[in-house]
**Student:** 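Just passing along the structure, written as structure tokens.
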Amino acid sequence: MNTVGLVAFALVGSSKAIREEFDLFGIVIVGLAMAFAGGATRDLLVARVPLALQSPIEICLGLVGVGLAIGLNVVLSSPETHPVTLVSDAIGLAAFATAGAIVATEVGVSAFGVVAIATINAVGGGAFADILLDRAPFILFEDFYASCAVLGGSAYWVVGTLGATAGTAAAACAVVTVGTRLAAVTYGWNLPTAQNLELQRK
Amino acid sequence: MNTVGLVAFALVGSSKAIREEFDLFGIVIVGLAMAFAGGATRDLLVARVPLALQSPIEICLGLVGVGLAIGLNVVLSSPETHPVTLVSDAIGLAAFATAGAIVATEVGVSAFGVVAIATINAVGGGAFADILLDRAPFILFEDFYASCAVLGGSAYWVVGTLGATAGTAAAACAVVTVGTRLAAVTYGWNLPTAQNLELQRK
Amino acid sequence: MNTVGLVAFALVGSSKAIREEFDLFGIVIVGLAMAFAGGATRDLLVARVPLALQSPIEICLGLVGVGLAIGLNVVLSSPETHPVTLVSDAIGLAAFATAGAIVATEVGVSAFGVVAIATINAVGGGAFADILLDRAPFILFEDFYASCAVLGGSAYWVVGTLGATAGTAAAACAVVTVGTRLAAVTYGWNLPTAQNLELQRK
């Protein structure tokens, strides 16, 4: 799952950079940033040297995603909205949220910390990529995306607290994240804004 | 003071996100980012696991601020410029600058390090919230805001170096920060730009 | 070399902030961010307290660069494109890339980690300054700048792996970085975008 996620995240990040007419260096950096910045932020928060700097295999997977983005850009007009990409992205979201929840539990943070680190691991890369592209991170104002990681991280904590093994908690986190994400894509879910809430009240 | 600061900072951050029509997730994240990113950056710089991830009570205070922003948004047009908010924000600025100066002194950095960490703790959250909102951080070009934290951090270092106890230094930092900030709000202080300096010379 | 780099980077950062009409606090912060954010990020990645917070001399050098930017702004219309600044900036790029490669080797990361930390140390400050100025980091879409640090970091790793001493590897890194950077400025090198690549194929 982690493999699929790294390739899919790098592909989405690079595709965004290509659309902004960044040069090759920019395309590689935004792709790798999207794939690795979430995990690196997680490692910073728990005071570790980021794994991505130690594992050459993971970087190669990221570069495969960057290469795919450049290759597919010739064939497809927007490879990052292709159904295969959307499903891979959902799998990556779940894999990263689960990895975050596991690391957070190991270092012994609060329930909020577990959910926060799971979410940061899952969506931090995308948010950082958007900042590099000089945009507000899209997770903050549209789509039902980061919320899936929040639900997944919460599921991890609830299942773990109920006494289940770490493996069961991880499975629950992955299933909840990927399930809610695919449902959100299929049915076009969105969270309301404060303006929507007021309108509904009137 | 820390309590007032957390609520006020989360309230200001969330109010900005509401104005940008971010969705509920975005409103929560920008509010919490404004309240906690400064302290988290401080903890990263001194190589600690951020306290905010370990203390559920602090997170609840941040969420109170987020809730207030959503609630007040219906009643007031811009709750973050209300006098009560401005005073609470000044108290928060002082509380966060003092907390930063204390932590920096504990890890034994230089005088510059003490002032830098006090300032980052106090204004880092607001700067990060502005980046999430795709703006240049407002502290860099208007208002007399971060400068209050710089003065407070300097006061901490000067008083501490003169041989006073940590408690006296902390009090000096808090008084200087909140005092200069309230004066700045009252009298509309601004730092000059390089362009202003040239004009004055002519 | 490090001295020249700190002054040059702070000068370039502050000049950008002056052009955006930031106030004095903003000019100081963007200049110091450009000079120190790359090294601070390196230290965060390897879980150290940033050196810049412990060494008052380095900060003074940064402030000299800030002062130069304010002073030169009156005499020259854009001091950051003056040949002396461009050469100093290239020297700084090389000094910072070399420092990054040395620290990365000490903590024992992979080959990719060495190149990544060298590059982040060299160009992270400039990228962070651009984010503070609410721009996409210029290294991502124009000029042949970060690529020089990538080549320098790679040279460090190749020479080191071939069995040379750390001093020789550092010299190779510095020579490659400053050489390719000066060549890039002289001949106006640019990396292609994905759009260029497609056009060339047609």
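In what follows, chains carry the letters A, B, and so on, assigned in the order in which the sequence lines appear, proteins first and then strands, with residues in each chain numbered from 1.
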**Student:** Please say whether more than 12 non-hydrogen atoms of neighbouring residues, nucleotides or ligands are located less than 6.0 Å from CD1 in A:Ile57.
**Tutor:** no

**Student:** Which residue is it: C:Asp134, C:Leu133, C:Ile131? I am looking for the one with a side chain to side chain contact (heavy atoms under 4.5 Å, CB included) to A:Asp134.
**Tutor:** C:Asp134

**Student:** So which part of A:Leu44 gets closer than 4.5 Å to some heavy atom of chain C, the side chain, the backbone, both or neither?
**Tutor:** side chain

**Student:** So C:Val150 and A:Phe25, side-chain contact (heavy atoms from CB on, under 4.5 Å) or not? Walk me through it.
**Tutor:** CA-CA 10 Å; C:Val150 172; A:Phe25 178 78; 3.8 Å; yes

**Student:** Under a 4.5 Å heavy-atom cut-off, does chain C meet the side chain of A:Val28, its backbone, both or neither?
**Tutor:** neither

**Student:** Between atom CD1 of A:Ile59 and atom OG of C:Ser110, what is the distance when rounded to the nearest 0.5 Å?
**Tutor:** 7.0 Å

**Student:** Are C:Phe112 and A:Leu32 packed together at the side-chain level, in the sense that at least one heavy-atom pair is separated by less than 4.5 angstrom?
**Tutor:** yes

**Student:** Can you establish whether the number of heavy atoms outside A:Phe144 located under 6.0 Å from its atom CZ is more than 12?
**Tutor:** yes

